[in-house]
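Right, one structure below, let's go through it.
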Amino acid sequence: MSDIVHIPFHGGEILAAQENGKPRIILKPAVEHIGLDYPTQYRKLESKSWATVGLVPMVAEDGRTRQMVVVDLRTFLMLLATIDEKRVSDAARPILVAYQNEVADVIEAYFTKGSVANPRLAQAELAPMAISFDDAMALYGQEYGYDYPTPFFTAGLRLAGFLRQGGCVPRRKKRKYFWFNGTSWEIRAWALPILFGEFDNVIRQFEPLPWAQLRLDDGAAERVLPVKRGES
């Protein structure tokens with residue numbers, strides 16, 4: 001049996017519970033707070049191999065026990081990554097952008113520290129959720145159905161001005177999207193929709209080019225399009 005916890009977030013709340021030591025987000029109020037249709041998002045998750053959706057008995061505010069649909073944090077972040085901010089209402093857009101940028105740190109802080117601080121003031125104190133470039137490409141492939149090699153993804157991010165030339169080191173002004181784990185750079189979970197969008201922009205510029213040849217030579221991407229300059 002789990003109790004519902006209320007996590008303050010941008011003038012509203014995220015409803016969650018802890019199960020086996022890990023946070024679970026109650027799906028319906030979370031998506032409705034962004035201005036999305038709950039049945040549509042639920043059906044979407046049911047069709048995704050990466051989604052972990054379950055029913056958990058929870059004690060509601062009226063004291064009654066109810067089965068509620070919950071998702072783990074990874075599933076919720078991937079759902080957010082697939083939502084285009086241009087397709088939500090003007091009123092919901094700031095909330096969606098805030099969810100995409102901060103929700104992982106806020107939920108993690110609540111369950112690990114017992115309180116929530118403004119993530120803009122406390123980012124240095126939080127250990128953010130981050131994933132490797134390989135894992136990011138695997139998630140991209142599962143969601144969009146395109147199997148691009150990781151070096152092609154990193155080449156696209158270099159062309160978009162996020163990474164330096166050579167390796168996977170972010171430019172200084174883009175480091176907020178990444179996390180250094182002590183040995184290598186990873187992508188912050190909330191930054192996935194942003195980086196995927198930038199990668200898609202690069203892909204669209206490549207559409208007239210011979211894809212078969214480019215896939216065989218990942219470095220060809222950087223020889224075809226000019227890299228953004230002026231940042232280090």
Side-chain angles (χ1 to χ4, degrees), residues 50 73-86 96-106 108 119-120 122-232:
W50 46 258
L73 189 52
R74 177 179 177 274
T75 297
F76 190 58
L77 290 172
M78 275 302 298
L79 176 63
L80 293 179
T82 66
I83 299 172
D84 185 350
E85 65 183 72
K86 296 177 181 178
L96 172 60
V97 172
Y99 265 54
Q100 291 177 329
N101 281 274
E102 301 171 13
V103 69
D105 287 345
V106 169
E108 186 176 47
R120 294 185 181 88
Q123 278 188 350
E125 299 177 4
L126 298 173
M129 293 188 63
I131 66 174
S132 69
F133 286 84
D134 288 339
D135 287 343
M137 265 295 86
L139 292 174
Y140 183 94
Q142 290 174 0
E143 173 59 27
Y144 299 105
Y146 294 103
D147 185 18
Y148 297 124
T150 300
F152 204 80
F153 177 54
T154 56
L157 294 184
R158 280 192 285 275
L159 290 168
F162 284 84
L163 300 179
R164 293 180 179 178
Q165 291 300 296
C168 295
V169 179
R171 293 179 181 271
R172 186 177 294 111
K173 292 183 179 180
K174 302 295 185 181
R175 287 184 181 176
K176 66 180 179 180
Y177 301 106
F178 303 90
W179 174 258
F180 189 69
N181 62 18
T183 57
S184 62
W185 287 94
E186 297 182 332
I187 300 172
R188 291 175 183 260
W190 60 259
L192 284 175
I194 299 171
L195 299 187
F196 285 170
E198 293 294 333
F199 179 63
D200 286 343
N201 289 336
V202 173
I203 292 299
R204 282 194 288 272
Q205 296 180 63
F206 282 163
E207 285 178 351
L209 302 176
W211 275 103
Q213 180 180 350
L214 288 177
R215 284 201 181 94
L216 292 175
D217 182 2
D218 297 320
E222 294 175 25
R223 295 198 297 272
V224 173
L225 295 180
V227 179
K228 289 185 178 179
R229 305 295 182 183
E231 294 185 30
S232 60

Margin query: Would you say that Y140 contacts D200 through its side chain, given a criterion of any heavy-atom pair below 4.5 Å between the two side chains?
Written below: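 Yes; the side chains approach each other to less than 4.5 Å.
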If you take all heavy atoms of [X] and [Y], which pair is closest and at what distance?
X	Y	answer
F196	A136	CZ-O, 3.4 Å
R74	L139	NH2-CD2, 3.0 Å
L79	W50	N-CH2, 3.9 Å
L163	R171	O-NE, 3.4 Å
C168	W185	O-CB, 3.4 Å
R164	R175	NH2-NH2, 3.3 Å

Item checked: Donor-acceptor contact present, side-chain R188 to main-chain K176, <3.5 Å ->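 Yes.
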Checklist line | By ring-ring contact (aromatic ring centres under 6.0 Å, His included) - contacts of F153 (at least two apart) | finding: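 ring-ring contact (aromatic ring centres under 6.0 Å, His included) check on F153 returns F199.
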Notebook entry, point to check: CG/L195 to OG1/T154 distance, rounded to the nearest 0.5 angstrom?
Noted result: 12.0 Å
Notebook entry, point to check: Partners of Y177 by side-chain hydrogen bond (donor to acceptor under 3.5 Å, both in side chains), sequence neighbours excluded?
Noted result: none
